[in-house]
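So the structure is just underneath, and the comments pick up after that.
Atoms within a ligand are numbered from 1 in the order they appear, just like the ligands themselves. Just so it is clear, the model here is predicted, and its values are computed rather than measured. Counting from 1, the numbers follow the sequence of the chain as shown.
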Amino acid sequence: MQERVHVLKHGDARTRGEFASYLMYASHRSVHNYALEYAVHAANELRRPLLVLFPLIERKPHPNLRRFRFMLEGMVKLRRSLAARGIRLVVGRNFDFARLIGESCLVVLDSPYLPHQRRFLREAVEGAEAPVVMVEGDVVVPVGVASAKAEPYARTIRPKILNNLQRFLEEVPQLELKAPSLDVDVPSWDEDSVEDYLNELDIDVTVPPVDYYVGGEDEALRRLEVFVRERLRFYAERRSDPGADATSELSPYLRWGMISPVQVLKEALKRFELDDENVRRLIDELVVWRELARNAAVYNPDFGRFGGLPDWARRTLEEHASDRREHVYSLEELERAQTHDRYWNAAQRELLRTGKIHNYMRMYWCKRLIEWTEDPRTGFEYAVYLNDRYGLDGVDPNSYLGISWCFGAFDRPFTESRVFGKVRRMTEESLRRHPMIERYLRRYS
Ligand SMILES: Cc1cc2nc3c(=O)[nH]c(=O)nc-3n(C[C@H](O)[C@H](O)[C@H](O)COP(=O)(O)OP(=O)(O)OC[C@H]3O[C@@H](n4cnc5c(N)ncnc54)[C@H](O)[C@@H]3O)c2cc1C
């Protein structure tokens, strides 16, 4: 636990404040939440109640109905599960979080990794006189423990993560809060109707909510159980087949911290050994690639932009920027899935309807944007826009890792070709090799 904890501001918590606060940003959950348990433990030591504060700002980019409904569905359930432990969840927009933070004896933060998210937290605690502590709970191996520099490839970070993996799979004991905070009088959104609250918010209502994913840690757990019981045994073999239903579908829940990656792995290890080939494959995606994305978010200041690609990839794509494109589509045509390519349209429709795309289709979907836009920079921007606007799992380090990978980052140069230069191409042939691709196409026809 100590290696997850970063003291951002020292001070004596004993001499001030009526309560301790946990300013929740990244980990929307009541179990397996290191920041929460750290805060409960500290509040108990200080003999103070603990408030969990959730500032509901219209978070950019893409504050929209789809993403906010998913988030608030989770909040309603989280309020109940925290209340069962005597902890008050304070959700709100119009009241003074700065005052609450100013009145706290201790402020605990969880740990998002994107720069705009970190900036928000930094500004939120700027005026705090109390000690401020950040706890890294949404990775298995804390970013700084895994590596002190930007890692160029999965193969370079993999051994660093695997060498540390087991000691970071520790249990997170749920502690009892000795001084309950349910009666602390602070205004908050305490209703159960998500719809009423959504109507009050200044959000983009043109991106409709989805039925396929319902927000909340209970939903995340349900999906995890199904995955471990029914799918994990053929994960290695079928995870790349878009029609095979072989993956966990947990990315929206991991994105909002409604489930912890440690918990996902621990559940898998209850049924399978660490060296089982399916578990090894899961670790590679859930830990190695996912944490490579966090490494890039922390150490590459241009991550998530075309300018953040490695030099060779940027250069080769720019050298081929004026190659003739057979099709160039407008953002609107792409958004509406109106291209000549039934595979691409199916992937875009999956995104529109469910808020996520299968990983293999996502690679194809993004690679095509290099070919179908005027230049690679525009292709990159469209990919980020579409993925973040419609994806429930968008605006995540994984989003920019996946897109950057399609544009050559974290990959090696290949034989030079039209439009792509030395960046790896992907063709329809590779999709047709998957036995259940037709099933996928029917589903999203
Ligand atoms: C162009 C592009 C855009 C992407 N955008 C996103 C995004 O916005 N949000 C997102 O979470 N993932 C993104 N990915 C990665 C990957 O597609 C999704 O994580 C995966 O499809 C989620 O499905 P799942 O939960 O069923 O995955 P599973 O196979 O069940 O994997 C479990 C978890 O491991 C992590 N994971 C799996 N594959 C990857 C990967 N390749 N890179 C990093 N982490 C991975 C995810 O958190 C995932 O939920 C993107 C990939 C590409 C190529």
With only distance considered, is [X] within less than 3.5 Å of ligand 1 through an N or O on each side?
X      : answer
Trp289 : no
Trp365 : no
Asn398 : yes

Think [X] forms a cation-pi with [Y], using NZ or CZ under 6.0 Å from the six-ring centre and within 45 degrees of its axis?
X      : Y      : answer
Arg425 : Tyr364 : no
Arg67  : Phe70  : no
Arg238 : Phe234 : yes
Lys367 : Trp405 : yes
Arg412 : Phe414 : yes

Considering only heavy atoms from C-beta outward, does the side chain of Arg29 approach that of Tyr253 to under 4.5 Å? no
Can you tell me how the ring of His327 sits relative to the ring of His340, calling it parallel under 30°, perpendicular over 60° and tilted otherwise? parallel
Which residue supplies the protein heavy atom nearest to [atom], what is that atom called, and how far is it?
atom                    : result
atom 15 (C) of ligand 1 : Asn359 OD1, 3.8 Å
atom 52 (C) of ligand 1 : Gly402 CA, 3.5 Å
atom 28 (P) of ligand 1 : Tyr235 OH, 3.5 Å
atom 30 (O) of ligand 1 : Ser248 OG, 2.6 Å
atom 9 (N) of ligand 1  : Asp393 O, 2.9 Å
atom 53 (C) of ligand 1 : Met363 CG, 3.6 Å
atom 24 (P) of ligand 1 : Glu249 N, 3.6 Å

is_close_aromatic(His28, Phe54), centroid dist under 6.0 Å: yes
Touching ligand 1 at all, Ile357? Heavy atoms, strictly under 4.0 Å? yes
Please confirm whether Gly394 comes under 4.0 Å of ligand 1, counting heavy atoms of the residue only. yes
Out of [options], whose heavy atom is nearest to [atom]?
atom                    : options                : value
atom 13 (C) of ligand 1 : Arg362, Arg290, Arg231 : Arg362
atom 34 (O) of ligand 1 : Leu386, Leu351, Leu286 : Leu286
atom 39 (C) of ligand 1 : Arg281, Glu285, Arg223 : Glu285

Would Tyr390 and Asn64 count as having a side-chain donor-acceptor pair, cut-off 3.5 Å? no
Could you go step by step and tell me if Ser330 and Tyr382 meet the side chain to side chain contact (heavy atoms under 4.5 Å, CB included) rule? CA-CA 10 Å; Ser330 67; Tyr382 282 9; 5.8 Å; no
Subset of ligand 1 atoms that lie under 4.0 Å from at least one heavy atom of [X]:
X      : result
Ser251 : 11 (O), 22 (C), 23 (O), 25 (O), 49 (O)
Leu250 : 25 (O), 49 (O)
Leu401 : 42 (N), 43 (C)

Counting heavy atoms only, which part of [X] comes closer than 4.0 Å to ligand 1: side chain, backbone, both or neither?
X      : answer
Cys366 : side chain
Asn387 : side chain
Leu254 : side chain
Leu292 : neither
Lys356 : side chain

I need the single residue from Leu286, Asp138, Asn398 that forms a side-chain contact (heavy atoms from CB on, under 4.5 Å) with Leu254. Which is it? Leu286
Residue of the set Arg4, Arg294, His6 for which side chain to side chain donor-acceptor pair (under 3.5 Å) holds with Glu136: His6
Backbone of Val143 reached by a side-chain donor or acceptor of Glu291 within 3.5 Å: no
The side chain to side chain contact (heavy atoms under 4.5 Å, CB included) partners of Ser399 (sequence neighbours excluded) come to Asn387, Asp388, Asp396
